[in-house]
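Input: a single structure, listed below in structure tokens.
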Amino acid sequence: MVCPVLDLAKELVSIPSVSPMDLGCQKIISDRLVNAGFSVEHMNYNDTYNIWACKGTGTTLAFSGHTDVVPSGNNKYWKFPPFCPTVYNGYLFGRGVADMKGALAAMIVSVERFIKKYPHHMGRLAFLITSDEESEATHGTKKIVENLISRKEKIDYCLIGEPSSVNDLGDVIKNGRRGSLTVCLHIYGKQGHIAYPHLSENPIHNVLPFLVNLISIDWDSGNNLFSPTSLQIYEIRSLSDSENVIPDTLLVKFNLRFGNVITVNAIKEKIQSLLTSANLKYDIKWKLSGKPFITRSGKLIDVAVNVIKSVCGIIPKLLTTGGTSDGRFITKMGSQILELGLVSQTIHQLNENIKVSDLQLLSRIYFHIIEKLLLKI
């Protein structure tokens, strides 16, 4: 049986486009869009490939996605080779099928169907696609948005194909995300022989009270939009590899995810206050990957909820949980933003997979959302 969305998903998954490489995925997509009547602009920066494609005028509904994927891990533990998409027992296996090449395929096919049915449709359809989402995210959507803002482009509605669903397709849509702040901290001491600690200053010992206090902070209680701020230490490393030397430097890295209850400055002030109280010698670097953003209400939410209720028979939850997404860049354009995609249970894991039936269902959902937003039916 011919299944255009499955065929396209398999074609994209077969390309080992580990971030920030694209390796031809966007060529496949742009060729399809050109055939559908889109004007396609390639906004490539350094080793990152980006597409901005448009068709029509007026109210703009943009689909946003990425063609890059995370590494496959140890291939011998995959049920099937990660870049040989395989259908097995109703599931499609392959790296990136859920995050998010399956959603890209559903977007493309839904738009093709829509244009075929409504060749003289109202409004403007657009695609914003990058190959730099899973890695540094510095030359992808961020750059596209900067370019579009400088040209005074407008995106009214934006659907991002991130795998938002938890257990069943459509059970969750993301209407925002928390902010992300990464901290790189160097603690300094005095190097010396490990048998003569009185002649040295061990930064590992010195930092322990600070770390205990750091992970004990109750930052905030969250609110009805965002869960409480969380902090996780993900790396502690002595810059010494000798068993009889007390190191002079310790590296500590941690990340905070936060909503709109607390500010970035308040977080920084609290951390620096703890460091001062601990009487530590340190250097600190901050990396703000994105501030929290939220689409509280609006037509996009109303339409998406009603379409999912009609197509899937469920009422989706609106959540802001999870990691960051490229919505943190697109929000600068004042757009209504939702993330709506496939089930996320196997993303970034070995044997990443999705239900084949979900691919077709997601394409139907996208199709009806386009109808409701651009045709006003």
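Quick note: numbers below take in every heavy atom, side chains included, and nothing from hydrogens, waters or symmetry partners. The shown structure was predicted, so the numbers you read here are calculated from the model rather than taken from an experiment.
- A donor-acceptor pair is defined here as one N or O able to donate and one able to accept, closer than 3.5 Å; such a pair exists between the side chain of Ser131 and the backbone of Pro20.
- Remark: Lys281 pairs with Glu201 by the salt bridge (charged side-chain N to carboxylate O under 4.0 Å, His left out) rule, at least two apart or across chains.
- Listed by chain and number, the residues in a salt bridge (charged side-chain N to carboxylate O under 4.0 Å, His left out) with Lys270 amount to none (sequence neighbours excluded).
- Taking 4.5 Å as the limit, some side-chain heavy atom of Ile115 sits within range of a side-chain heavy atom of Lys55.
- A distance-only check finds no donor-acceptor pair linking the side chain of Asn147 to the backbone of Lys143 [under 3.5 Å].
- For Ala103 against Leu342, the heavy-atom pair with the smallest separation is N-CD1, 3.8 Å.
- With Ser335 contributing its side chain and Thr331 its backbone, the two residues share no donor-acceptor pair below 3.5 Å.
- In this structure the side chain of Glu134 reaches within 4.5 angstrom of the side chain of Asp99, judged on heavy atoms.
- Contact of the Asp283 side chain with the Ile187 side chain is not registered, since no non-hydrogen atoms from C-beta on lie closer than 4.5 Å.
- Partners of Lys154 under the salt bridge (charged side-chain N to carboxylate O under 4.0 Å, His left out) rule, at least two apart in sequence or in another chain, are Asp156.
- With contacts defined as side-chain heavy-atom distances shorter than 4.5 Å, the pair Leu256/Ile271 qualifies.
- Under a 3.5 Å cut-off, the side chain of Arg178 and the backbone N or O of Thr321 do not form any donor-acceptor pair.
- Sorted by first then second residue, the side-chain hydrogen bond (donor to acceptor under 3.5 Å, both in side chains) pairs that include residues 100-115, not counting sequence neighbours, are Ser17-Lys101, Arg32-Glu112.
- A donor-acceptor contact shorter than 3.5 Å is absent between the side chain of Arg95 and the backbone of Gly73.
- The shortest heavy-atom contact between Asp220 and Ile262 is OD2-CG2, 3.5 Å.
- Side chains of Ile369 and Leu373 form a contact here, defined as non-hydrogen atoms less than 4.5 Å apart.
- A centroid separation of 6.0 Å or more is found between the aromatic rings of Phe114 and Tyr366.
- Of all non-hydrogen atoms in Leu8 and Ala105, the two that sit nearest each other are CD2-CA, 3.7 Å.
- For His42 and Tyr49, the ring centers sit 6.0 Å or farther from each other.
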Checklist entry - Stepwise, does the side chain to side chain contact (heavy atoms under 4.5 Å, CB included) test hold for Leu300 with Thr295? => result CA-CA 9 Å; Leu300 180 59; Thr295 298; 5.8 Å; no
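- Remark: aromatic rings of Phe80 and Tyr88 are close, center separation under 6.0 Å.
- Sorted by first then second residue, the side-chain hydrogen bond (donor to acceptor under 3.5 Å, both in side chains) pairs that include residues 68-77, not counting sequence neighbours, are Ser19-Asp68, His66-Asp68, Ser72-Asn75.
- For Thr141, the side chain to side chain donor-acceptor pair (under 3.5 Å) criterion is met by Asp326, not counting sequence neighbours.
- Annotation: Phe127 is in aromatic contact with Phe38 [ring centroid separation under 6.0 Å].
- Through direct or indirect side-chain contacts shorter than 4.5 Å among Ile, Leu, Val, Met, Phe, Trp and Tyr, Phe226 is connected to Leu225, Ile294.
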Next on the checklist: Please evaluate residues Val166 and Val343 with respect to the criterion side chain to side chain contact (heavy atoms under 4.5 Å, CB included), reporting the C-alpha separation (whole Å), side-chain torsions for both, the decisive distance (0.1 Å), and the verdict.
Outcome noted: CA-CA 5 Å; Val166 177; Val343 173; over 6 Å; no
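- Between the side chain of Ser135 and the main chain of Glu133, no donor-acceptor pair closer than 3.5 Å is present.
- Judged by distance alone, the side chains of Asp132 and His139 never bring a donor and an acceptor atom under 3.5 Å apart.
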Show me, pair by pair, the donor-acceptor contacts under 3.5 angstrom made by side chains of residues 243-253, not counting sequence neighbours?
from, atom 1, to, atom 2, distance (Å)
Asn244, OD1, Ser242, OG, 2.8

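- Taking every heavy atom of both residues into account, Gly327 and Ile337 meet most closely at O-CD1, 3.7 Å.
- No side-chain donor-acceptor contact under 3.5 Å links Ser200 to the backbone of Asn202.
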Identify all side-chain donor-acceptor contacts of residues 273-280 below 3.5 Å with residues at least two apart in sequence or on another chain.
from, atom 1, to, atom 2, distance (Å)
Thr276, OG1, Gln272, O, 3.0
Ser277, OG, Ser273, O, 3.0

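- Here the side chains of Val261 and Trp219 are not in contact, with every heavy-atom distance at 4.5 Å or above.
- Every residue meeting the side chain to side chain donor-acceptor pair (under 3.5 Å) condition with Asn167, not counting sequence neighbours, appears here in chain and number order: Gln345.
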Next on the checklist: The test is side chain to side chain contact (heavy atoms under 4.5 Å, CB included); show your working for Tyr282 and Leu185 and say whether it passes.
Outcome noted: CA-CA 7 Å; Tyr282 68 92; Leu185 180 65; 3.9 Å; yes
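- When atom types are taken as modelled, the side chain of Thr182 and the backbone of Asn255 share no donor-acceptor pair closer than 3.5 angstrom.
- With sequence neighbours excluded, the residues satisfying salt bridge (charged side-chain N to carboxylate O under 4.0 Å, His left out) with Glu339 are Arg177.
- In terms of modelled atom types and a separation under 3.5 Å, the side chain of Thr346 and the main chain of Gln349 share no donor-acceptor contact.
- The closest side-chain heavy-atom distance from Lys299 to Tyr157 is below 4.5 Å.
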Next on the checklist: Between Arg151 and Glu146, does the salt bridge (Lys or Arg N to Asp or Glu O under 4.0 Å) criterion hold? Intermediate values first, please.
Outcome noted: CA-CA 9 Å; Arg151 287 161 28 175; Glu146 289 173 356; over 6 Å; no
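- A donor-acceptor pair under 3.5 Å links the side-chain atoms of Asn50 to the main chain of Met43, judged by distance alone.
- Between Ala98 and Ile347, the closest heavy-atom pair is CB-CG2, 3.7 Å.
- Across all their heavy atoms, Cys84 and Thr86 have their closest contact at O-OG1, 2.8 Å.
- Residues that satisfy the side chain to side chain donor-acceptor pair (under 3.5 Å) test with Lys27, not counting sequence neighbours, are Asp31.
- Put simply, the side chain of Thr229 does not reach to within 4.5 Å of the side chain of Arg257, judged on heavy atoms.
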